[in-house]
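Some notes on the structure that comes next.
Here is the naming used below: chain letters follow the sequence lines, and residue numbers restart at 1 for every chain. Predicted model, so just to flag it, every value in this text is computed and none were measured.
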Amino acid sequence: MSNRNLVIVESPAKAKTIEGYLGKDFIVKSSMGHIRDLVKGDKAIDVEHNFTPHYEISEGKHQLVKELSDLSKKSDTVWLATDDDREGESISWHLKEALDIDDSKIKRIVFREITQKAILKAIENPRTIDVDLVNAQQARRVLDRLVGFEISPVLWKKIKPGLSAGRVQSVAVRLVAEREREIEKFNSQASFKTQGFFKTKAGKILQGDLNKDYTEEKDIISLMEASVNAGFKVSNKEVKPAKRTPAAPFTTSTLQQEASRKLSFSVTRTMVLAQKLYEAGKISYMRTDSTSLSEDALQAAANQIASEFGPKYAQRRQFKTKSESAQEAHEAIRPTDFSISSAGVEKDEQRLYDLIWKRAIASQMADAELERTIITMKAEGNSYTGLSGGEKLQYQATGEVIKFDGFLKVYLESNDNEEESEDEKLLPFVEIGEALGLEQIKSRQRYSKPEPRYTEASLVKKLEELGIGRPSTYAPTVSTIEKREYVNKEWREGKSREYIELILKAGKIEKAVKTEIFGVEKGKLFPTDTGLIVNDFLFNYFKEIVDYDFTATVEREFDTIAQGKLGWQDMISKFYLPFHKTVESTASIERKEVNVAREIGVDPKTGKKITARLGRFGPYVQIGEQEEGGPKPAFASLKKEQRIESITLEEALTLFDLPRDLGEFEDIKMVVNNGRFGPYVKHGPAFYSLQKGMDPYTISTETAIQLIEAKRIADIEKVIKVFDARPDVKILNGRWGPYLAVGKENIKIPKGIEAKDLTLEKCLELATAQAGKPAVKKAAGRFAKKK
DNA sequence: CAGTGAGCGAGCTTCCGCTTGACTT
């Protein structure tokens, strides 16, 4: 039987939907993304022969390509309906090449929304494959391979095997590294923020902020003294209408940001959950850079809003996509059916759907109308304005009242700055000129803060602003730099510091010194020593590649190629020749130049230099140099939160305090040390890992004994059965249930046998049957490779 | 499991973008 029409799209979920729109003359299949890619290794691009790329069918795609090929041979027309962007055009071209079909049978169609109208319209307007656009993709692909596969081996030689560099990931690392250094350099300044509390004629309290910050305590004292009999008045009152406008519906990047802020999801978790909702047909495609909605969606949202909230809440809006690099091959992320307000299997899926629904609905709702009131309060005749140069000191109170909630009924976008909450604030009624009683003036020191460290999501936001990376790669890029250990996602406890608080009340000034916790970090990205060293190296030798504008610059050239005004090989050739020279020039760089040992200071005991450096097994400090034939110098690994470039001499010295003697327990020596798997206490032949919060440098003998005793109790609770005749044979309770331990071998108890009923004979029988076989097989396949 | 940290050598690693698979304890 012959199928008249074969349609090929990229995603199977999309294929299913479209098949429903097209009827039985059409069979719709998916390519599952790219089907061919550059061959593996360094022979993919023939640099000598005008950068000729060599492609092959990707691993695991042979079966699929064969199926598509067979189907296409049986069809009269093959509709290549891959995405309407650079990569999509390329997939169509690769399909044409790989399926080996007659050109006359091929039609290329595009649509940017999955609606019946859009698909049918596309079928009526087929075109041919846009070779210029395909060439722009080839240039992108070849450039990325050349950059990645020429720089990475330099890192293996000069820094550490297995490292990587690339147009996208290296900029991501640079952002995190530079932010960390800004924070380290940041000089936090304290200044006094002052609030006045005044009593109105009607007896209510009106609170306002002083329009000047002082750094000196004496200025605040003078101000307070001058305020006692100053005579405050309402000097002005302004009431202005204001409005707030809803945010655009989600793109991939804004979805990741909001899910991170409101639901604390990692960017990967957000994408996994969104994928499930998409496959279940609940939301539109989740990898998109567009904020626009289809006509159908606009209508459906308007209907939903009118019926749920009333027609005056509906306001049709189409949002312009902000980012210049957007290719807009899909709609914004939205529910497929606005009348379904809850969807998803797991709890987190439901929460994500709820967020998507609200954001999309709110985007089509009316503005919120507010009334903003600003009241200023001044002392009569400005009696104390002479304090510092004669500027006008005044207090200001701002209040906001919502007159019409509009979209706020449904959704309010959060922001990265946690402290700025925009709650509705109602001010007491006052009249201009009204005299105010002074209740109190409160002034406290606040410290200035550096720009915050990136979260995964705020890093994605920054990358998108720079036009670096694509919706499909944001989450994988973050994972890559984490996997390479260039950055770590960390939780850190804060430190405490003192601040001064001055209060003027009933004519008296009281001073208090209080403490606050600052610098608490939750799931923020910190660069590692490797990340910092690799970044410095790339910045010194491959400045162009890690330049924040590099991608934007090459994107402009890709666009010129897509317009047919520039040959892709010409562009690559112009880039490659100087680039390759730089790569070659790195051969003469000494490893020591790249991985510089930092001098921390001098050991007071020996007078030898203490240095810090990145070693094969991580960062370490060392006392003195290795002399020929001499003894080995003392080494110590850095603690997890320490960095080579910021560790102090004092901190370094304590690192040499290990191993530390903890005295004796039960007549056996106890020693605490740092092991490969963390700090431990060794007691005779037994090892005890330190628990969270215990520090090997400070742990006391008592705590160590408690640790040992607690572990023994836990071990006793593990034992189900022992045999007097053979003390080496035990039945123990493990994490996944009971198991048999014979000597050092752990043996699985077969199904159907009750652990309690096992006899010694049966145990030994199981042990011999198990001999030689590992108790737990190593995980096979690609999951093992990942590690 | 509970040190090591240099450099040599075999043969390995690595890019960015599209998209969803499913080893067996």
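Put simply, the side chain of Lys61(A) gets close to the backbone of His34(A): a donor and an acceptor are under 3.5 Å apart.
Rounded to whole Å, atom P of dT4(B) lies 15 Å from atom CZ of Phe656(A). Atom NZ in Lys29(A) sits roughly 16 Å away from atom C1' in dT19(B) (whole-Å rounding). What separates CE of Met271(A) from C1' of dT19(B) is a distance of 12 Å, to the nearest Å. Put simply, CD on Glu67(A) is 16 Å from P on dT20(B), counting in whole angstrom units. Distance CD (Glu59(A)) to P (dT20(B)): 19 Å, rounded to an integer number of Å. Remark: C1' of dG3(B) and CG of Leu638(A) are 17 Å apart, rounded to the nearest angstrom.
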For this session: Spell out protein contact along nucleotides 11-18 of chain B as letters: B when the base is contacted, S when just the sugar-phosphate is, - when no protein heavy atom is under 4.0 Å; keep the 5' to 3' order.
Result: --BBBBBB

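Here the side chains of Val267(A) and Leu459(A) are not in contact, with every heavy-atom distance at 4.5 Å or above. Residues Phe558(A) and Leu143(A) form a side-chain contact, since some pair of their non-hydrogen atoms from C-beta on lies under 4.5 Å apart.
Under 3.5 Å, the side chains of Glu651(A) and Tyr697(A) contain no donor-acceptor pair of N or O atoms.
Judged as a salt bridge (charged side-chain N to carboxylate O under 4.0 Å, His left out), and not counting sequence neighbours, the contacts of Glu87(A) are Arg140(A).
Comparing Lys592(A) and Met286(A) along DNA chain B, the residue whose closest nucleotide (by nearest heavy atom) sits nearer the 5' end is Lys592(A).
Checked by distance alone, Ser30(A) brings no side-chain donor or acceptor within 3.5 Å of a matching partner on the base of dT20(B).
The stacking criteria are not both satisfied for Tyr620(A) over the base of dG5(B), which would need a centre-to-centre distance under 5.5 angstrom and an angle between ring planes under 30 degrees.
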For this session: Carefully, step by step, assess Lys608(A) and Asp603(A) under the rule salt bridge (Lys or Arg N to Asp or Glu O under 4.0 Å).
Result: CA-CA 5 Å; Lys608(A) 287 179 180 169; Asp603(A) 178 24; over 6 Å; no

